[in-house]
Amino acid sequence: MSGWGLGAFGYADDAGSDDEEQEGFEQRFATKDSVIFMIDTCQPMFDRPAGGAGDGEDEEESQSHFELCVKCVRSVMTNKIISSEKDLLGVVFFGTEQDKNSGGFKHVYVLQDLDQPTASRILEVESFLKDDNNSFDTNFGHSTGFSLSDALWTCSNMFSQSSQKIGHKRILLFTNADDPHAGNIAFQRQAKQKAKDLSEIGIDIELMHMTRPGKQFDLTKFYQDIIHTADDEELDVLPDPAEKFEELLNRVRAKDHKKRTMGKIQFSLGKDLSLGVAIYSLVRTQTKPYPVKLYKKTNEPLKSKTKMFCEDTGELLMPSDIKKFQSYGGSDIIFEQEEVKEVKKFGDPGLLLMGFKPRSFLKRYYHVRPCQFLFPEETVVQGSTTLFSALLQRCLAKDVVAICRYIPRKNTPPKFVALMPQEEELDEHNVQITPPGFHVVFLPFSDDMRKLKFAEDQPKATTEQIDGAKDVIKKLQFKFSSENFENPVLQTHYRNLEALALDRDAPDEVVDLLLRER
């Protein structure tokens, strides 16, 4: 199964979870993700298409591949400040005449070490869009004598020398040369071996390849031995080479983060038959970030601590001194902490298959909370991908959904869910639009169902009004998708922050697509 290609999924969306669950979730994602942008700076990356610079779309088409890469890096840095400000980013040039790296390798220049994105780092990257090619020639130069092995080694050193705890490590390699070491067998062998070594220690290499006018990018010449895919991805479905900025940016955004799971559990299909699965959250409500309290003298973030005191004596209470109670029949029934945990426990975390129902069994009014997504996880049970794929294909063929009992974590009540199968979809560039897997649809209990009674004089739409509304919908000139509409309030908030941080005269204009044209 190929990669997911989804921009921002993977964050918990578990309404109703208690404090213990939230604390456990915070601990699981305490590590930082890290991405190094490794950009080819040989002369072909700076060549512009014939026709010269123009305005609007013509200007974008006249940009060099290096400029497209820099715009992608700037965009990702800006987005990271908003979405994951704790993540680490770095920028490395290879194919330069000058060199700057901890290993002393020739033709490898570390522009930015691994660190959190800041305004100054964004402005440094942005400066390459303002300077012409002559400025780059003077400050960095171009060289074809580089070794890709040295560049990969430099990235490995940056990960290992980071003083911060790093979770997932990823290298995004930008190039338009399909055979950088043509005729140099030694350099080819070294690069392939180094890529294999990085894969074994958990560093992923993602190829962001671009195509030059009139030439095809042939993966089989060199890079098919450089890219080592994860267990849930296939090399034979790599996207086509990018030609425009939007294509390249969409791929970078899909690859610049790790697919974060809400949890890894076992899916029991019957006696002595189970597979490992990971739970993901595809949709969650996006809100403004909470303000951070700072100490006014040093501007350092403050840490809050909570202490509890006895109301009668004023004595400091320890966790063991605190008990919980439930009022029943006029009396307060006191529970110990262990008893509270035991009451909450209904079983071990996991999915238990109860049976199958036709897809038509699911009704729209069953919706009680956002769905989650199910994908195989080999680290839980070996061979899970094969069994998961077989179950998915049979459910699609028979058009059925699986009914399961679902306990996501310890001390959480069980829920009944329907697993709705979803087939993989790719666009014309082999970029994944829809991932294969199961949507976890939460089913309501009988207590959740209500029958609403409306007043007899409640206004109702007439047949003519309903037909008129249908005509309006049919005349829409595009296929509606909520992903095409940004929240104007959030975008205005982020643009204002960006303008302040980058010392801009005015924030970028926010186009409210929710307003109708006049």
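Quick note: residue numbers are just sequence positions, from 1.
- Annotation: side-chain hydrogen bond (donor to acceptor under 3.5 Å, both in side chains) contacts of Thr298 (sequence neighbours excluded): none.
- The NE2 atom of His181 sits 9.0 Å away from atom CG of Asp179, with the distance rounded to the nearest 0.5 Å.
- In plain terms, the two heavy atoms of Leu207 and Leu219 that are nearest each other are CD2-CD2, 3.4 Å.
- Phe438 and Phe388 have their aromatic ring centers within a separation under 6.0 angstrom.
- Salt-bridge annotation for Arg48 and Glu67: present, with a side-chain N of the basic residue lying under 4.0 Å from a carboxylate O of the acidic one.
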(message) Assess the residue pair Leu198 and Leu152 against the criterion (side-chain contact (heavy atoms from CB on, under 4.5 Å)); give the C-alpha distance rounded to whole Å, side-chain angles, the decisive distance to 0.1 Å, and a yes or no.
(response) CA-CA 8 Å; Leu198 296 188; Leu152 294 175; 3.9 Å; yes
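- Side chains of Pro44 and Arg212 form a contact here, defined as non-hydrogen atoms less than 4.5 Å apart.
- Between Phe267 and Pro376 the shortest side-chain heavy-atom distance does not fall below 4.5 Å.
- Side-chain contact between Gln164 and Gln116 is present, with at least one heavy-atom pair separated by less than 4.5 Å.
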(request) With side-chain contact (heavy atoms from CB on, under 4.5 Å) as the test, would you mind laying out the steps for Asp87 and Asp33 before giving the verdict? (result) CA-CA 5 Å; Asp87 288 353; Asp33 285 348; 3.8 Å; yes
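- If you run side-chain contact (heavy atoms from CB on, under 4.5 Å) between Phe174 and each of Met38, His209, Met210, only Met210 comes through.
- Ring pair Phe140/Phe128: centre-to-centre distance below 6.0 Å.
- Centroid-to-centroid, the aromatic rings of Phe136 and Phe66 come within less than 6.0 Å.
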(request) Could you go through the side-chain contact (heavy atoms from CB on, under 4.5 Å) check for Lys71 and Gln63 one step at a time? (result) CA-CA 11 Å; Lys71 290 178 68 175; Gln63 291 178 333; 3.6 Å; yes
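- The two residues Glu377 and Ser384 come nearest to each other via the heavy atoms O-OG, 3.7 Å.
- Residues Phe146 and His107 keep their aromatic ring centres 6.0 Å or farther apart.
- The backbone N or O of Val108 lies less than 3.5 Å from a partner atom in the side chain of Asn101, making a donor-acceptor pair.
- For Phe46 and His65, the ring centers are positioned 6.0 Å apart or more.
- Contact between Ala191 and Leu148 at its shortest, heavy atoms only, is CB-CB, 4.1 Å.
- Taking the six-membered ring wherever Trp is involved, the centroid distance between the rings of Phe373 and His439 falls below 6.0 Å.
- Between the side chain of Thr211 and the main chain of Lys215, a donor-acceptor pair closer than 3.5 Å is present.
- Taking the side chain as every heavy atom from C-beta outward, Gln372 and Leu282 never approach each other to under 4.5 Å.
- In terms of heavy atoms, Ala151 sits closest to Phe94 at CB-CB, 3.9 Å.
- Two residues are said to be in side-chain contact when any heavy atoms from C-beta on lie closer than 4.5 Å; Asn139 and Gln98 fail this criterion.
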(message) Let's go through Ile166 and Lys169 carefully: what are the C-alpha distance in whole Å and the side-chain angles of both, what is the deciding distance for side-chain contact (heavy atoms from CB on, under 4.5 Å) to 0.1 Å, and is it a yes or a no?
(response) CA-CA 7 Å; Ile166 299 178; Lys169 305 171 184 177; 3.7 Å; yes
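- Note on ring orientation: taking the six-membered ring where Trp is involved, the planes of Phe105 and Trp153 are tilted (angle from 30° to 60°).
- Rounding to the nearest 0.5 Å gives a distance of 4.0 Å between CD of Glu425 and OG1 of Thr434.
- The SG atom of Cys155 lies 11.0 Å from the CG atom of Asp150; values are rounded to the nearest 0.5 Å.
- Residues Val73 and Ile39 are in side-chain contact: their nearest non-hydrogen atoms beyond the backbone lie under 4.5 Å apart.
- Here the side chains of Ile171 and Phe37 are not in contact, with every heavy-atom distance at 4.5 Å or above.
- We find the CG-CG distance between Leu391 and Leu275 to be 7.5 Å, quoted to the nearest 0.5 Å.
- Interatomic distance, Thr78 OG1 to Lys80 NZ, rounded to the nearest 0.5 Å: 12.5 Å.
- Of the N and O atoms on the side chains of Asn487 and Gln491, not one donor lies less than 3.5 Å from an acceptor on the other residue.
- The number of heavy atoms from other shown groups lying within 6.0 Å of CD (Glu509) does not exceed 12.
- In this structure, Asn299 has no side-chain hydrogen bond (donor to acceptor under 3.5 Å, both in side chains) partners at least two apart in sequence or on a different chain.
- Rounding to the nearest 0.5 Å gives a distance of 9.0 Å between CD of Glu124 and OG1 of Thr118.
- Within the 4.5 Å cutoff, the side chain of Val380 has no heavy atoms near those of the Ile265 side chain.
- Residues Ser147 and Ser149 bring no donor and acceptor atom of their side chains to less than 3.5 Å of each other.
- Checking Thr385 against Glu378 by side-chain atom types alone, a donor-acceptor pair falls below 3.5 Å.
- With Asp178 contributing its side chain and Phe217 its backbone, the two residues share no donor-acceptor pair below 3.5 Å.
- The minimum heavy-atom distance between Gln112 and Met77, with the atom names listed, is OE1-CE, 3.0 Å.
- Asp204 and His168 share a donor-acceptor pair across their side chains, judged by distance under 3.5 Å alone.
- Without hydrogens or angle criteria, Thr96 side chain to Phe93 main chain gives no donor-acceptor distance under 3.5 Å.
- Here the closest heavy-atom approach between residue Cys42 and residue Ser143 is recorded as SG-O, 3.4 Å.
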